[in-house]
Participant: 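One structure, pasted below without further comment.
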Amino acid sequence: MLLPIHEALRAALRSAITRLYGIDGDAMPSIAVQMPPNRGMGDLAVPVAFELARIARKAPRQIAQELADDLGPVDGVAAVEPAPNGYVNVFLDRVAFLTGRAGVADPEPAADPNGPKTIVEHTAINPNKAAHIGHLRNAVLGDTLGRLLRFQGRRVEIQNYIDDTGVQVADMVVAFRELESMTPADIEARAAQPDFDYYCWDVYAKVTEWYEADPARLALRAQALHALEAGGNEMADTAAVIAERIVRRHLATMARLHIGYDLLTWEGDILRLKFWSRAFDILRDAGVMTRPETGKLAGCWVMPIEDAAAEDGENASGDADEPREKVIVRSDGTVTYVGKDIAYQFWKFGLLGTDFHYRRFVETSDPPLWATSSTPSEGAPPSFGQADAVYNVIDTRQAYLQDLLAQALQAMGHTSQAERSVHFSYEMVTLSHGAARALGFTEIDTTRPFVEVSGRKGLGVKADDLLDRLADAAGHEVVKRNPDLTTDESSQIARVIATAAVRYFMIKYSRGKVIVFDIDEALSFEGESGPYLQYAVVRAANIFRKLHERTGLDEAAVVASLASLPGDALARGEGDDLWGLVLEAARLDEVVDQALRGLEPSVLAKYAFGLAQAFNAFYHRAPILKEEQVDLQRWRAAAALYFKTQMTRTLTVMGCDVPSRM
RNA sequence: GCGCCCGUAGCUCAGCUGGACAGAGCAUCGGCCUUCUAAGCCGAGGGUCCCAGGUUCGAGUCCUGGCGGGCGCGCCA
């Protein structure tokens, strides 16, 4: 854990800079702490002398020398040396560091139950069909973001928005009645089947084609949509059955990936509890929303928007200087999606002045899963909403709409909330031509670089299918290597591996990169993959298992023996290799910090891979069991132990477990 | 038309608030299992960091202008 050392070093450097050059306050340059290219040069490096060179009118080299001489003792630091080119290089106290940390769990700080709360909303899959790989990217990114925040001790509430009254569910109601000729009782019976989400996947594709064959049929969709929004009718009841059942299927799929939620927010409750009318009053009374008397938007309630991208393409040249407006309430009095979202966003920040009712959605889960409700709460729900910061995990195509949410907050004068209303965006998952072909789709436009996933067309890789294939492949490998395992054991391990494979695949790309999904690549357990990371930890664990079997020495005994050992194995020069692994393992807190500053979970994934690589190299170079020199053996074991602890924590932040064997 | 994102090795991608040598995985080729599990390790080849200017002691990284690709811009969600 390096951040405390970084801070101590910065503080010491700042006072040295003030002493030596009289620089203070705003004139103080920010002090970056980096890592030198190799351990021989040092463990930390500070390039601040380059910047000071201008102010102090001295050569960087000389400044670095003066800083190193003047610095004084810093906790955990053994030596400070100026580099010929001007860096200040810092060497940590290796023996003290490893002795103090091997075998120590370094537990994450517990969140202050009264501290500021961060809401992360993710997943939000339309409850009308099975989840696919595009949804997986959303859920894995969102879940990992939540874990990163919790690692830093932040109080986090995970919400999953359920659009149970939208077009997609309405389409299913239409499809079941018109195409499948099913009664409400038929639908209820079918929905009880475990494969209901897969069944809906196909029916949804069918109804899309059915609409296309005769656009007049879209009137039925509009009719169903109105019935859903109104509620209290047969179609709405049917929709509720479909949505609830599909949501439970989605929860099961996500549970396979260790993804869970604190609250399911149902759009139907937002409608029934009239959240929108509250938001409407607030926006209208503040004059943020107005109603033009003339023009093409006459009779609508509109909000001015700042984004030039909103301009209608057809008249772009005509009235470019006109203020742009977004329709929030249509001239027929119905509210748009944006309006409902504004109301929801206001509620998240505790700015709506009203609240949901709540019910337990899953009785047995831990932590408990709650859902919003329109009828008075049962049990004793915790306080939801009231957030200090909100992250909405939604793909980049919604950037414009998400920007409107912050604008609405800003327009109401909620400046700090607007700043903390973050669209955590990411690019979409698409299919390679080969993957689309493998799914049986023949009409592929090969002039385009990839094929877009489409739930409407039924074109996409289902999440459960991907997990099943990965678990099959992993199970095969596990059995090959561990023939003594029972079927239960090997399939349990296979599931753990499959989860890591999917999760790692979904966060290893930076958010802004389009993922072109290729099945062979996703099924690979070699190289930069989740299983590679797990394998490294399993190897480390095996060392300790065998060490205990052969010598009776356990982890605690190794740790206890360190204090009385000579530290030569860690000495500068010959110990650089061993120390390099320890230092890399120590970076986790710094890496988490970096991942959050950049809102970029892939930073954590890359670090995890590099750490596993470092251990695997160490594993081959530095044997432990057969090392006869006791001090060397123990220090190596201590390094392996620290690696095992840190890598396990890293995997936990990524939502992955470590298998008992592989 | 306007806005956002992407452009680094054959392919897929890293490169932290500008800073020590442009790296990894896959693929190709060559080594390493009577050894703590080869889901691994070691080595080799492979790059005008899209182009052109600019800022800077220093630019893959920042600015401007292009080029190529993707996505947005609705009284849909």
Side-chain angles (χ1 to χ4, degrees), chain A residues 30 32 34-38 41 45 47 50 53-54 60 83-87 89 126 163 166-168 296-297 299-300 302 307-317 320 324 326-332 334 336-338 340-341 395-401 403 425 427-428 430 448-450 474 477-478 480-482 497 508-516 518 520-521 524-529 531-532 534-536 538-540 542-547 550 590-591 593-595 597-598 600 602-603 605-606 609-610 613 616-617 619-627 640 661-662:
Chain A
S30 68
Q34 306 169 335
M35 283 184 81
N38 64 68
M41 300 170 85
F50 299 110
R54 210 168 312 152
N85 60 2
Y87 276 93
N89 286 336
N126 271 298
D163 185 5
V167 175
Q168 296 209 15
K296 66 177 183 177
L297 299 182
C300 298
V302 301
D307 192 346
E311 181 57 27
D312 189 346
E314 288 167 32
N315 357 326
S317 53
R324 281 104 190 192
K326 175 69 190 170
V327 172
I328 308 296
V329 181
R330 304 184 187 97
S331 54
D332 67 1
T334 57
T336 63
Y337 157 80
V338 187
K340 283 179 267 189
D341 242 35
D395 81 68
T396 184
R397 289 174 293 189
Q398 302 248 28
Y400 163 59
L401 282 312
D403 194 44
S425 72
E427 267 292 353
M428 54 189 171
T430 64
R448 316 212 69 211
F450 46 71
E477 298 295 320
V478 170
K480 201 164 72 187
R481 292 170 172 79
N482 304 277
I497 293 171
K508 76 173 181 177
Y509 301 96
S510 51
R511 292 189 290 132
K513 228 90 175 187
V514 174
I515 295 181
V516 182
D518 183 81
D520 293 331
E521 200 189 329
S524 168
F525 296 158
E526 290 166 15
E528 201 191 340
S529 70
Y532 177 94
Q534 293 173 313
Y535 186 56
V538 169
R539 283 177 140 180
N542 281 345
I543 293 172
F544 285 97
R545 189 167 47 78
K546 295 215 168 170
L547 190 67
R550 293 182 192 179
E590 175 209 333
V591 171
D593 187 62
Q594 189 184 317
R597 273 187 285 121
E600 187 54 89
S602 67
V603 167
K606 295 291 176 188
F609 176 61
Q613 269 187 319
N616 274 329
Y619 180 88
H620 282 271
R621 276 198 307 265
I624 291 172
L625 292 187
K626 71 175 184 187
E627 177 55 56
R661 295 168 65 177
M662 278 182 85

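Residue numbers start from 1 in every chain, and the chains themselves are labelled A, B, ... in the order their sequence lines are given, proteins ahead of strands. Fair warning: this is a prediction, and the values are worked out from it, not measured in the lab.
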Participant: Would you mind classifying the nucleic acid contact of A:A536 as base, sugar-phosphate or nothing, using non-hydrogen atoms under 4.0 angstrom?
Facilitator: nothing

Participant: Once you apply the 3.5 Å cut-off to both distances, tell me the Watson-Crick or G-U wobble partner of B:rA20, or none.
Facilitator: none

Participant: When the nearest nucleotide of RNA chain B is assigned to A:V603 and to A:F609 on a heavy-atom basis, which residue is associated with the more 5' position?
Facilitator: A:V603

Participant: Could you tell me whether A:E521 contacts a base, only the sugar-phosphate backbone, or nothing, with contacts defined as non-hydrogen atoms closer than 4.0 Å?
Facilitator: sugar-phosphate

Participant: Please round to the nearest 0.5 Å and tell me the distance separating atom OG of A:S425 and atom CG of A:D403.
Facilitator: 11.0 Å

Participant: Assess, by modelled atom type and distance only, whether the side chains of A:N542 and A:R545 contain a donor and an acceptor separated by less than 3.5 Å.
Facilitator: yes

Participant: Could you tell me the Watson-Crick or G-U partner of B:rG45, where both distances fall under 3.5 Å? Say none if there is no partner.
Facilitator: none

Participant: Look up atom NZ in A:K508 and atom NZ in A:K513, then write down how far apart they are to the nearest 0.5 Å.
Facilitator: 13.0 Å

Participant: In terms of base orientation, is B:rC42 syn or anti, with the syn window spanning 90° either side of 0?
Facilitator: anti

Participant: Which part of the nucleic acid does A:M428 contact within heavy-atom distance under 4.0 Å: base, sugar-phosphate only, or nothing?
Facilitator: sugar-phosphate

Participant: Between B:rG65 and B:rG3, how far apart are the P atoms? Round to whole Å, please.
Facilitator: 9 Å

Participant: Think A:K326 has a side-chain N or O under 4.0 angstrom from the OP1 or OP2 of B:rC73?
Facilitator: no

Participant: Once you round it to whole Å, what is the distance between C1' of B:rC26 and CG of A:D520?
Facilitator: 12 Å

Participant: Measure from CG on A:D593 to P on B:rU17 and round the result to the nearest Å.
Facilitator: 12 Å

Participant: Only one of A:M428, A:R511, A:E427 passes side chain to side chain contact (heavy atoms under 4.5 Å, CB included) with A:T396; say which it is.
Facilitator: A:E427

Participant: Could you please name the partner base of B:rU55, counting Watson-Crick and G-U wobble pairs only when both distances are under 3.5 Å?
Facilitator: none

Participant: Which nucleotide, in any strand shown, forms a Watson-Crick or G-U wobble pair with B:rG72, with both distances under 3.5 Å?
Facilitator: B:rC2

Participant: Strictly below 4.0 Å: does A:R448 bring a side-chain N or O up to OP1 or OP2 of B:rC71?
Facilitator: yes

Participant: Do A:M662 and A:I497 come close enough that some side-chain heavy atom pair is under 4.5 Å?
Facilitator: yes

Participant: Going by purine N1 to pyrimidine N3 plus the second Watson-Crick contact, or the G-U wobble pair, all under 3.5 Å, which nucleotide sits opposite B:rC26?
Facilitator: B:rG10

Participant: Does one side chain, of A:S602 or A:E600, offer a donor that lies under 3.5 Å from an acceptor on the other?
Facilitator: yes

Participant: For residues A:L401 and A:Y337, determine if any side-chain heavy atom of one lies less than 4.5 Å from a side-chain heavy atom of the other.
Facilitator: yes

Participant: Between B:rG31 and B:rC13, how far apart are the two C1' atoms, rounded to whole Å?
Facilitator: 27 Å

Participant: Tell me what A:G512 touches on the nucleic acid: a base, only sugar-phosphate, or nothing, going by heavy atoms under 4.0 Å.
Facilitator: sugar-phosphate

Participant: Using atom CZ of A:R511 as one end and atom C1' of B:rG70 as the other, report the distance to the nearest whole Å.
Facilitator: 17 Å

Participant: Provide, to the nearest angstrom, the distance between the CD atom belonging to A:Q34 and the P atom belonging to B:rA20.
Facilitator: 7 Å

Participant: Pick base, sugar-phosphate or nothing for A:P36, based on heavy-atom distances below 4.0 Å to the nucleic acid.
Facilitator: base

Participant: Report the distance from atom CG of A:N38 to atom C1' of B:rG23, rounded to the nearest whole Å.
Facilitator: 15 Å

Participant: Output the rounded distance in Å from CD1 (A:I328) to P (B:rC76).
Facilitator: 12 Å

Participant: Rounded to whole Å, how long is the line connecting atom CD of A:E590 with atom P of B:rC16?
Facilitator: 13 Å

Participant: I'd like to compare against my own output: the B/S/- annotation of nucleotides 27-40 of chain B with a strict under-4.0 Å heavy-atom distance to protein.
Facilitator: --------BBBSBB

Participant: When you compare B:rG45 with B:rC50, how far apart are their P atoms, in angstrom units rounded to a whole number?
Facilitator: 24 Å

Participant: Please state the C1' separation for the pair B:rA38 and B:rC33 - nearest whole angstrom.
Facilitator: 6 Å

Participant: Let me know, please, whether A:A32 or A:V327 comes out on the 5' side of the other along RNA chain B by nearest nucleotide.
Facilitator: A:A32

Participant: Taking the P atom of each, how far is B:rC49 from B:rC11, in whole Å?
Facilitator: 16 Å

Participant: Which part of the nucleic acid, if any, lies within reach of A:T336 when heavy atoms closer than 4.0 Å are counted: base, sugar-phosphate only, or nothing?
Facilitator: sugar-phosphate

Participant: So what does A:A617 hit on the nucleic acid, given a heavy-atom distance under 4.0 Å: a base, only sugar-phosphate, or nothing?
Facilitator: sugar-phosphate

Participant: Rounding to an integer number of angstrom, what distance separates B:rU55 and B:rU64 when you compare their C1' atoms?
Facilitator: 11 Å

Participant: Between A:D395 and A:R397, does any NZ, NE, NH1 or NH2 come within less than 4.0 Å of an OD or OE carboxylate oxygen?
Facilitator: yes

Participant: Dump the pairs, protein N or O against N or O of nucleotides 56-63 of chain B, anything under 3.5 Å, distances to one decimal.
Facilitator:
unit_1, atom_1, unit_2, atom_2, d
B:rC57, N4, A:R54, NH2, 3.1

Participant: Closer than 3.5 angstrom, by distance alone: can the side chain of A:N38 be matched with the main-chain N or O of A:M41 as a donor-acceptor pair?
Facilitator: yes

Participant: Using the P atom in both, what is the distance from B:rG15 to B:rC5, to the nearest Å?
Facilitator: 16 Å

Participant: Quick one: does A:T430's side chain have a donor or acceptor within less than 3.5 Å of a partner on A:I515's backbone?
Facilitator: yes

Participant: Mind checking if A:S331 touches a base, just sugar-phosphate, or nothing, with heavy atoms under 4.0 Å?
Facilitator: base

Participant: Rounding to the closest angstrom, what is the interatomic distance between B:rG30 and B:rG68 at atom P?
Facilitator: 42 Å

Participant: Considering every strand and a 4.0 Å limit on heavy-atom distances, what is the contact class for A:Q613: base, sugar-phosphate, or nothing?
Facilitator: sugar-phosphate

Participant: If only side-chain N and O atoms of A:K513 are considered, is one of them under 4.0 Å from the OP1 or OP2 phosphate oxygen of B:rA14?
Facilitator: yes

Participant: Atom NZ of A:K508 and atom P of B:rG15: how far apart are they, to the nearest Å?
Facilitator: 14 Å

Participant: Could you tell me whether A:D395 contacts a base, only the sugar-phosphate backbone, or nothing, with contacts defined as non-hydrogen atoms closer than 4.0 Å?
Facilitator: nothing

Participant: Between A:N616 and A:Y535, do the side chains contain an N or O donor and an N or O acceptor separated by less than 3.5 Å?
Facilitator: no

Participant: Counting only N and O atoms by type, is there a donor-acceptor contact under 3.5 Å from the side chain of A:T336 to the main-chain atoms of A:I328?
Facilitator: yes

Participant: Can you tell me if the side-chain N/O atoms of A:Q398 get under 4.0 Å from OP1 or OP2 in B:rC71?
Facilitator: no

Participant: To the nearest 0.5 Å, what is the distance between CD on A:E477 and CG on A:N482?
Facilitator: 11.0 Å

